[in-house]
There are 2 protein chains.
Amino acid sequence: MQRYMTLLKEHNIKITPQRLAIVKLMDEQGHISVRDIFERIKENFPSLSLATVYKNINAMIESDFIKELKIVGLDNKYELIKEKHSHLVCQECGDIEDIFIDTTSLTKSVSKESGFKVADTTVQFFGTCKKCAA
Amino acid sequence: MQRYMTLLKEHNIKITPQRLAIVKLMDEQGHISVRDIFERIKENFPSLSLATVYKNINAMIESDFIKELKIVGLDNKYELIKEKHSHLVCQECGDIEDIFIDTTSLTKSVSKESGFKVADTTVQFFGTCKKCAA
DNA sequence: CTGGGTGCAAAGTATTTGCATGAAC
DNA sequence: GTTCATGCAAATACTTTGCACCCAG
């Protein structure tokens, strides 16, 4: 838990039990929706309000602490900001995995070809995960 | 207009004035939100209902005629299905441009590396467009 | 003529906001 | 003690649904 307190402090986010629970869950799950955060935390913290979850999520996005993922076919998900990566989205089970691939050459060729100044790149792969293929 | 009638027929979507207007607008704009479709068409077609727009959008997605785009920071957008491409999203003006880049090597390396069977790939570049950079 | 589309109103879901109370520093 | 977070309720936004009527094929 100390780890999550440190993480929050580093981003100038005031520590509360609600926030610690959100960060912990997000770290454990990798990618999680507002609804799932609310329901999972409410189990051990019945007074939790959905509004609090939304407010905290928005505050954490604002502080560049977490990131919103929009994925066709799924609810919005949120994840801790970490090393740059892409996502594998299984269309069978809805699971999301991180994958580390190099997109720098892609980004460079786009800048060169189009005159568009790229600041960030999002890559999502849709298909069937190992488990579901078996 | 004949062109849009043919397009709809090819996808087994019954032709109505509302649907023709939606397809035309989408073709002209490239990427458009539900709200914008509704407001733009309503100008020349005051009886149009928002529910009709939603129903038609969903029917067209179902028929693989249009595609939903989810982009962080923007409302969902819809576009006609056409040659595979990626998107340049300008964070200044919110404009979206298409760009044709080859993602096959990317996709192959993912399959090989992870055992995930890739069916489709989505790539979005965020940054500053030529106009806004000037 | 007949099936499916339209528009309306209502319901359902998602998200934000205002405010009084309470907790963190 | 002061500032800011929480929880609640209400407001707003987004999307879907049921149904009566109407139009395209």
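Since we're looking at a predicted model, the values are computed, not measured. Protein chains get the first letters and strands the later ones, always in sequence-line order, with residue 1 at the start of each. Heavy atoms only: backbone and side chains are in, while hydrogens, waters and symmetry mates are out.
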Check: protein-nucleotides 15-19 of chain D nitrogen or oxygen pairs below 3.5 Å:
{"unit_1": "D/dT15", "atom_1": "OP2", "unit_2": "B/Tyr54", "atom_2": "OH", "d": "2.4"}
{"unit_1": "D/dT15", "atom_1": "O5'", "unit_2": "B/Tyr54", "atom_2": "OH", "d": "3.4"}
{"unit_1": "D/dT16", "atom_1": "OP2", "unit_2": "B/Asn58", "atom_2": "ND2", "d": "3.0"}
{"unit_1": "D/dG18", "atom_1": "O6", "unit_2": "B/Lys55", "atom_2": "NZ", "d": "3.0"}

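- Between its opening and closing five pairs, the helix from C/dC1-D/dG25 to C/dC25-D/dG1 changes axis direction by 50°, a value rounded to 10 degrees.
- For A/Lys14, whose side chain is taken as the heavy atoms from C-beta onward, the closest listed nucleotide among D/dT3, D/dG25, D/dG7 is D/dT3.
- Linking Ile, Leu, Val, Met, Phe, Trp and Tyr whenever their side-chain heavy atoms come within less than 4.5 Å puts B/Ile13 and B/Tyr78 in one cluster.
- One finds a side-chain N or O of A/Ser47 lying less than 4.0 angstrom from the OP1 or OP2 phosphate oxygen of D/dG7.
- Put simply, the side chain of A/Arg19 never gets that close to the backbone of A/Asn56: no donor and acceptor are under 3.5 Å apart.
- Summarising the geometry of B/Val53 relative to B/Ile22, their closest heavy-atom pair is CA-CD1, 4.4 Å, with the distance given to 0.1 Å.
- Under the 3.5 Å distance criterion, with hydrogens and angles disregarded, a donor-acceptor pair is assigned to the side chains of B/Thr121 and B/Thr107.
- When the side chains of ILVMFWY residues are joined at heavy-atom separations under 4.5 Å, either directly or via intervening members, B/Leu25 and B/Leu7 end up in a single hydrophobic cluster.
- The nucleotide range of DNA chain C contacted by chain A, defined by atoms under 4.0 angstrom from heavy atoms of the protein and reported 5' to 3', is C/dA14 to C/dC25.
- Of the residues near DNA chain D, A/Pro17 and B/Asp75, the one whose nearest nucleotide (by heavy atom distance) lies more toward the 5' end is A/Pro17.
- If you check every strand for non-hydrogen atoms under 4.0 Å, B/Thr52 touches a base.
- Counting to the nearest Å, the C1' atom of D/dC14 and the CD1 atom of B/Ile37 are 14 Å from each other.
- When rounded to the nearest whole Å, the span between CD1 of A/Ile13 and C1' of D/dT6 equals 16 Å.
- Proximity of A/Arg3 to A/Asp27: side-chain heavy atoms (C-beta onward) are separated by under 4.5 Å at one or more points.
- Side chains of A/Asp95 and A/Lys131 form no contact here, defined as non-hydrogen atoms less than 4.5 Å apart.
- Residue A/Ile57 contributes atom CD1, which lies 12 Å from atom P of D/dT6 at whole-angstrom precision.
- Under the 4.5 Å side-chain heavy-atom criterion for ILVMFWY residues, no single connected hydrophobic cluster contains both A/Phe100 and A/Leu106.
- Under a 3.5 Å cut-off, the side chain of B/Lys70 and the backbone N or O of A/Leu74 do form a donor-acceptor pair.
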request  = Show your working on side chain to side chain contact (heavy atoms under 4.5 Å, CB included) between A/Asp120 and A/Lys84 and close with a plain yes or no.
outcome  = CA-CA 10 Å; A/Asp120 193 29; A/Lys84 196 161 174 29; 3.6 Å; yes
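- Distance, B/Arg19 CZ to D/dG25 C1': 13 Å, rounded to whole Å.
- At D/dG7, one or more side-chain N or O atoms of A/Gln18 fall inside 4.0 Å of OP1 or OP2 (strictly under the cut-off).
- Counting heavy-atom neighbours within 6.0 Å of B/Lys82 NZ, excluding the residue itself, gives a total above 12.
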